[in-house]
Amino acid sequence: MSNPSHQYRSSFLGLLAERGQLQDCTDAGGLDARLQKEHVTGYIGFDCTAPSLHIGSLSQIMILRRLQQSGHRPIVVMGGGTTKVGDPSGKDDMRSLLTNEQIEANKQSIRKCFERFLTFGDGPSDAIMVDNADWLDKLEYIPFLRDVGRHFSVNRMLTMDSVKLRLERDQPLSFLEFNYMILQAYDFVELFRRYGCTLQLGGSDQWGNIVNGIDLGRRVAEAELFGVTSPLITTASGAKMGKTAKGAVWLNADMLSPYDYWQFWRNVEDADVGRFLRLFTELPEAEITRLENLGGAERNEAKKILANETTRMLHGDAAANDAAETARRTFEEGGIAEGLPTFEIERARLSEGLPLTTLAQLSGLTASSGEARRFIQGGGLRVNDEAVSDVKAAVSLADLTAEGVIKLSVGRKKHVLVKPV
RNA sequence: GGGGGAGUGUCCCGAGCGGCAAAGGGGGCGGACUGUAAAUCCGCUGGCUUCGCCUUCGUAGGUUCGAGUCCUACCUCCCCCA
């Protein structure tokens with residue numbers, strides 16, 4: 001249920017609604033009033049299951065940013081504690097357990113990217129970052145059960161989607177994971193006590209966890225807490241956001257280059273452009289309306305703007321400009337742009353002549369020489385923009401272009417420059 | 001504790017009388033068509049020094065000329081009984 005923005009008086013809820021990031025809300029009227037009259041502290045928790053967040057989390061990050069822009073205080077909660085337990089929501093099978101060392105390393109790696117989206121500090125609307133391991137690790141089992149566990153009915157826990165879906169599909173659910181919702185609920189209460197946090201935000205799959213936290217807060221702390229969820233973001237064709245052939249679309253530059261990040265946004269489906277501009281940029285509504293109504297090939301202009309804006313926000317102006325320029329030269333001029341991935345090889349090896357399949361594999365263009373062979377057979381591999389048909393073709397210094405490199409390509413979009421050294 | 005069932009190509013789902021690099025989907029990638037889009041059609045979707053060799057079907061052994069397929073033990077999960 002998407003609510004028209006005019007229903008809300010507070011700038012924050014109005015903004016979320018306008019941007020398509022409002023799915024559900026507990027006591028919308030009460031929260032709306034609260035947001036108008038005081039600084040509200042709100043949080044979102046992030047798992048530490050990987051060394052980087054990916055764009056599946058980007059909508060959540062944008063929500064925290066919008067919370068801050070609306071004058072409120074965001075808390076980024078790193079799930080250093082809850083990741084040790086594993087959230088069963090939306091997953092069919094049990095995740096393999098990460099070691100404490102892995103979780104800690106992931107946490108350190110993830111935290112950096114928030115600085116690009118939020119302003120941290122000590123002011124009333126400055127963001128703070130905390131790790132729920134700070135309090136979860138120290139819990140004592142029996143006292144915790146008596147203080148918190150008694151407020152949870154197993155009967156009701158079994159009806160929560162995260163649990164119910166597993167059971168219905170005969171998928172295993174360990175007792176460890178079963179506890180996740182209790183810990184997340186407890187997080188909310190702990191954040192209320194420590195920071196006066198009264199709002200939890202999250203994806204729609206977190207609704208149950210959020211409501212549990214609100215209930216628990218009322219029971220153990222007489223707190224009036226609120227919850228807001230945002231829609232699960234999918235592409236127009238229904239796929240989950242962010243999976244590509246190479247894997248997830250990571251936010252950390254060392255996991256996915258700014259150029260590839262830019263390309264991801266440049267290549268979204270037509271039908272997604274307007275929605276993504278609203279979700280992932282801060283362009284004004286009027287401009288987005290104009291862009292999404294561009295027809296035919298002009299739609300590409302809207303995609304470039306989407307790519308520029310999203311890349312700029314994550315990686316900065318310089319990286320976004322570089323990516324755009326590299327793309328322009330590669331695709332619009334069909335030329336050779338320095339921004340493309342470059343592979344260096346000893347001049348001597350090249351002078352002897354090297355099988356193309358080997359070079360494609362070495363340079364990382366293809367995963368194996370066998371894959372390179374298949375691409376050649378399928379007419380998908382090019383040297384200096386010319387298709388190669390001979391599986392046994394060799395490459396040598398004679399293939400250097402005027403720029404002194406050899407451009408290898410697979411498909412329209414994947415290129416590597418081979419440079420002799 | 002007892003009985004029954006399941007684990008297949010490291011993207012997923014899923015067939016598989018002892019001859020299997022292993023059916024079929026989905027997804028992905030490449031080609032054609034386009035606008036670096038969608039839809040459609042075609043092809044590919046273990047590795048290598050490729051007329052051949054090597055590694056794969058939960059783990060470890062065994063039977064066999066030959067095992068994903070049979071036997072034994074173990075691990076994990078599901079269901080039923082206690």
Side-chain angles (χ1 to χ4, degrees), chain A residues 54 88 90-97 166-177 234-249 259-277 291-308 311 323-335 337 339-340 349 352-362 365-382 385-394 408-415:
Chain A
H54 53 81
K91 300 184 189 69
D92 243 6
D93 35 38
M94 193 165 51
R95 283 281 184 89
S96 54
L97 282 178
R166 279 278 184 94
L167 297 180
E168 279 175 357
R169 297 192 195 185
D170 285 347
Q171 295 294 333
L173 176 72
S174 66
F175 181 68
L176 177 73
E177 294 172 287
T234 56
T235 67
S237 35
K240 271 191 192 168
M241 277 285 283
K243 51 168 199 177
T244 68
K246 289 182 203 159
V249 179
Y259 172 75
D260 286 327
Y261 188 73
W262 194 94
Q263 281 295 324
F264 170 80
W265 294 104
R266 174 62 183 81
N267 284 298
V268 300
E269 299 170 30
D270 282 9
D272 284 327
V273 174
R275 198 161 49 98
F276 287 179
L277 282 167
L291 290 171
E292 73 182 336
N293 286 321
L294 290 175
E298 288 189 319
R299 187 62 67 92
N300 287 330
E301 294 311 310
K303 292 186 189 177
K304 285 182 204 168
I305 290 171
L306 174 64
N308 284 337
T311 306
E325 177 60 12
T326 298
R328 190 184 67 76
R329 283 204 226 152
T330 305
F331 291 101
E332 293 177 19
E333 295 180 1
L340 293 174
R349 288 190 73 182
E352 295 161 10
L354 207 55
L356 178 55
T357 50
T358 304
L359 186 59
Q361 185 265 117
L362 283 175
L365 183 71
T366 60
S368 67
S369 62
E371 187 182 70
R373 181 174 306 107
R374 287 192 293 270
F375 278 130
I376 293 173
Q377 285 164 346
L381 203 158
R382 280 163 294 126
D385 295 314
E386 283 197 33
V388 175
S389 55
D390 180 7
V391 171
K392 301 205 164 143
L408 302 182
S409 314
V410 162
R412 237 36 286 160
K413 298 171 188 173
K414 203 172 167 193
H415 311 275

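No hydrogens, no waters, no symmetry mates; every other heavy atom, side chains included, goes into these values. What you are looking at is a predicted structure, and each value in this text was computed from that prediction instead of being measured. Throughout, protein chains are lettered first and strands after them, A, B, ... in sequence-line order, and every chain is numbered starting at 1.
- With both ends at atom P, the span from B/U76 to B/U59 equals 15 Å, rounded to whole Å.
- Comparing the C1' positions of B/C57 and B/A21 gives a spacing of 11 Å, expressed to the nearest Å.
- Every side-chain contact (heavy atoms from CB on, under 4.5 Å) that A/Gln377 has, sequence neighbours left out, goes to A/Arg373, A/Arg374, A/Val391.
- Shown here are the side chain to side chain donor-acceptor pair (under 3.5 Å) partners of A/Ser409, two or more places apart in sequence or in another chain: A/His415.
- Residues that satisfy the salt bridge (charged side-chain N to carboxylate O under 4.0 Å, His left out) test with A/Arg275, not counting sequence neighbours, are A/Asp272.
- Classification of B/C12 as anti follows from a glycosidic angle more than 90° from 0.
- Taking a pair to require two hydrogen-bonding distances under 3.5 Å in either a Watson-Crick or a G-U wobble arrangement, B/G1 pairs with B/C81.
- Rounded to whole angstrom, the span from the NE2 atom of A/His415 across to the P atom of B/C29 amounts to 15 Å.
- Searching all strands for a Watson-Crick or G-U wobble partner of B/G52 with both distances below 3.5 Å returns B/C48.
- Under the side chain to side chain donor-acceptor pair (under 3.5 Å) criterion, A/Lys304 pairs with A/Glu301, A/Glu332, sequence neighbours left out.
- Taking atom C1' on both nucleotides, B/G25 is separated from B/C33 by 26 Å, rounded to a whole Å.
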Open item on the list: Using a 4.0 Å heavy-atom cut-off to protein, can you give one letter per nucleotide of nucleotides 30-38 of chain B, 5' to 3': B if the base is in contact, S if only the sugar-phosphate is, - if neither?
Closed with: SS---BBBS
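- Of the P atoms belonging to B/G43 and B/U55, the separation is 32 Å, rounded to the nearest Å.
- Using atom C1' as the reference point in both B/A32 and B/A38, the two lie 16 Å apart (nearest Å).
- Under the Watson-Crick or G-U wobble criterion, with both distances below 3.5 Å, B/G35 is left unpaired in every strand shown.
- Remark: B/C20 base-pairs with no nucleotide; criterion is Watson-Crick or G-U wobble with both hydrogen-bond distances under 3.5 Å.
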Between the protein and nucleotides 52-57 of chain B, list every N/O to N/O distance that falls short of 3.5 Å.
none

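- Of the possible donor and acceptor atoms, none in the side chain of A/Glu298 sits under 3.5 Å from a partner among the backbone N and O of A/Leu294.
- Atom CG in A/Leu365 sits about 12 Å away from atom C1' in B/C29, given to the nearest Å.
- Scanning for side chain to side chain donor-acceptor pair (under 3.5 Å) contacts around A/Glu292 gives A/Arg278, with sequence neighbours left out.
- Taking atom C1' in both B/G58 and B/G7, the straight-line distance is 6 Å, to the nearest Å.
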What are the atom names and distances for every N/O pair under 3.5 Å that joins the protein to nucleotides 44-47 of chain B?
unit_1	atom_1	unit_2	atom_2	d
B/C44	O2'	A/Arg374	NE	3.4
B/G47	OP1	A/Ser368	OG	3.1
B/G47	OP2	A/Arg374	NH1	3.2
B/G47	OP2	A/Arg374	NH2	3.4

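- Straight-line distance between the P atoms of B/C17 and B/U49: roughly 35 Å, to the nearest whole Å.
- On the P atoms, B/G24 is 11 Å away from B/C44, given to the nearest whole Å.
- By the side-chain contact (heavy atoms from CB on, under 4.5 Å) test, A/Arg349 is found to be paired with A/Ile345, A/Glu346, A/Leu354, A/Leu362, residues two or more places apart in sequence or in another chain being considered.
- Considering all non-hydrogen atoms of both residues, A/Ala324 and A/Asn308 come closest at CB-OD1, 3.5 Å.
- Here the closest heavy-atom approach between residue A/Arg299 and residue A/Asp270 is recorded as NH1-O, 3.0 Å.
- Using N1 to N3 plus N6-O4 or O6-N4 for Watson-Crick, or N1-O2 and O6-N3 for G-U wobble, each under 3.5 Å, B/G66 pairs with nothing.
- Not counting sequence neighbours, A/Glu352 has no partner by the side-chain contact (heavy atoms from CB on, under 4.5 Å) test.
- Partner assigned to B/G43 is B/C29, using Watson-Crick or G-U wobble distances below 3.5 angstrom.
- Of all nucleotides present, only B/A73 satisfies the Watson-Crick or G-U wobble test against B/U59, with each distance under 3.5 Å.
- In this entry B/A15 has no Watson-Crick or G-U wobble partner, no candidate having both defining distances under 3.5 Å.
- The two residues A/Lys303 and A/Val273 make their nearest non-hydrogen contact at CG-CG2, 3.7 Å.
- Every salt bridge (charged side-chain N to carboxylate O under 4.0 Å, His left out) that A/Arg382 has, sequence neighbours left out, goes to A/Asp385.
- Take A/Arg328 and apply the side chain to side chain donor-acceptor pair (under 3.5 Å) test, not counting sequence neighbours, and it matches A/Glu325, A/Glu333.
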